[in-house]
Student: 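Attaching a single structure in structure tokens format; questions to follow.
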Amino acid sequence: HEVIKMKVSRRFQLTVQTVLFIAVYSDKKEMTCENISKEMKCNPVVIKNILNILCKNNFLTKGSSISNIRLKRNIKDITLWDIYKITDEVDINNIFCNDDLQIASPIVSDLPELLSPAFGEIMNSMKDILSTVSVDSLLKKYNY
């Protein structure tokens with residue numbers, strides 16, 4: 001049985017955590033960048049950037065006061081794929097970094113073209129699966 005390892009970006013993880021935190025506590029606690037970062041034990045600048053990404057992509061609404069951060073969309077309608085799209089690169093044509101390849105070989109220069117179809121299928125599978133996992137389902141799994 002082979003163990004497959006995959007990395008998920010820190011930004012994705014923190015964004016999911018932030019959305020879950022706001023979903024659970026927005027009616028119970030004052031939602032400010034400072035309070036969220038303190039509760040999550042994360043740098044306020046990082047949380048501010050995440051909140052800005054979420055606002056820019058219509059996940060959050062900010063009321064007239066700074067402490068009125070709320071989810072704009074229903075937690076049943078926010079999926080892990082929605083969050084992944086705004087935090088990580090999903091353009092299959094840009095996933096291969098060849099800036100530092102110093103090898104002069106036709107195989108290396110054609111490698112992205114050779115691998116793109118396989119990685120395209122992987123991304124489609126990932127999209128299909130992540131699209132089925134909502135914030136609501138995650139919270140229910142942990143009895144929130």
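Side chains are part of it too, since the values below use all heavy atoms of this structure and drop only hydrogens, waters and symmetry mates.
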Student: Rounded to the nearest 0.5 Å, what's the gap from NZ on Lys76 to CG on Leu139? Could you check?
Tutor: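 Going from the NZ atom of Lys76 to the CG atom of Leu139 covers 12.0 Å.
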Student: To the nearest 0.5 Å, how far apart are CD1 in Ile78 and CG in Leu71?
Tutor: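 Atom-to-atom, Ile78:CD1 and Leu71:CG are 5.0 Å apart.
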Student: Any salt bridge (charged side-chain N to carboxylate O under 4.0 Å, His left out) involving residues 7-25? Give me the pairs, sequence neighbours left out, ordered by first then second residue.
Tutor: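 Salt bridge (charged side-chain N to carboxylate O under 4.0 Å, His left out) check on residues 7-25 returns no pairs.
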Student: Who pairs with Asn74 by side chain to side chain donor-acceptor pair (under 3.5 Å), at least two apart in sequence or on another chain?
Tutor: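 Testing Asn74 for side chain to side chain donor-acceptor pair (under 3.5 Å), a comparison that skips the adjacent residues, returns none.
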Student: Flag the pair Leu80 / Phe12 as yes when at least one side-chain heavy-atom distance between them is below 4.5 Å, and no otherwise.
Tutor: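 Contact flag for Leu80/Phe12 side chains = yes.
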Student: Are any of the side-chain heavy atoms of Ile36 and Leu51 separated by less than 4.5 Å?
Tutor: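 Result yes, sub-4.5 Å side-chain heavy-atom pair found.
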Student: Rounded at 0.5 Å granularity, tell me how far CG in Asn35 sits from CD1 in Ile47.
Tutor: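 Nearest 0.5 Å value for the CG-CD1 distance: 11.5 Å.
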Student: Identify each donor-acceptor pair in which a side-chain atom of residues 122-132 lies under 3.5 Å from a protein atom, sequence neighbours left out, and give them as a table.
Tutor:
residue, atom, partner, partner atom, Å
Asn124, ND2, Gly120, O, 3.4
Ser125, OG, Glu121, O, 3.2
Ser131, OG, Lys127, O, 2.7
Thr132, OG1, Ile129, O, 2.6

Student: A side-chain contact here means heavy atoms from C-beta on lying under 4.5 Å apart; do Asn52 and Lys48 qualify?
Tutor: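 They are in contact (side-chain heavy atoms under 4.5 Å apart), so the answer is yes.
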Student: Only pairs under 3.5 Å count here: list side-chain donor-acceptor contacts from residues 17-28, not counting sequence neighbours, and write none if there are none.
Tutor:
residue, atom, partner, partner atom, Å
Thr18, OG1, Leu14, O, 2.7
Ser26, OG, Ile22, O, 3.0
Lys28, NZ, Val24, O, 3.4

Student: Under the rule for side chain to side chain donor-acceptor pair (under 3.5 Å), what residues qualify as partners of Ser37, not counting sequence neighbours?
Tutor: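 Scan of Ser37 (side chain to side chain donor-acceptor pair (under 3.5 Å), adjacent residues dropped) gives none.
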Student: Main chain of Ile83, side chain of Thr87: is a donor-acceptor contact present, judged purely on distance under 3.5 Å?
Tutor: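 Yes: the side chain of Thr87 pairs with the backbone of Ile83.
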Student: For Asn58, which residues count as a side chain to side chain donor-acceptor pair (under 3.5 Å) partner, sequence neighbours excluded?
Tutor: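 Applying side chain to side chain donor-acceptor pair (under 3.5 Å) to Asn58 gives Lys72.
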Student: For Asp82, what residues pass the side chain to side chain contact (heavy atoms under 4.5 Å, CB included) criterion, not counting sequence neighbours?
Tutor: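 Phe59, Arg73, Thr79, Lys85.
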Student: Would you tabulate the side-chain donor-acceptor contacts of residues 38-45 under 3.5 Å, counting partners in other chains and residues two or more places apart, or write 'none'?
Tutor:
residue, atom, partner, partner atom, Å
Glu39, OE1, Lys29, NZ, 3.2
Glu39, OE2, Lys29, NZ, 3.2
Asn43, OD1, Val45, N, 2.7

Student: Please, which pairs that meet salt bridge (charged side-chain N to carboxylate O under 4.0 Å, His left out) have at least one residue in residues 134-144, sequence neighbours excluded?
Tutor: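 Applying salt bridge (charged side-chain N to carboxylate O under 4.0 Å, His left out) to every pair that reaches into residues 134-144, excluding sequence neighbours, yields Asp136-Lys140.
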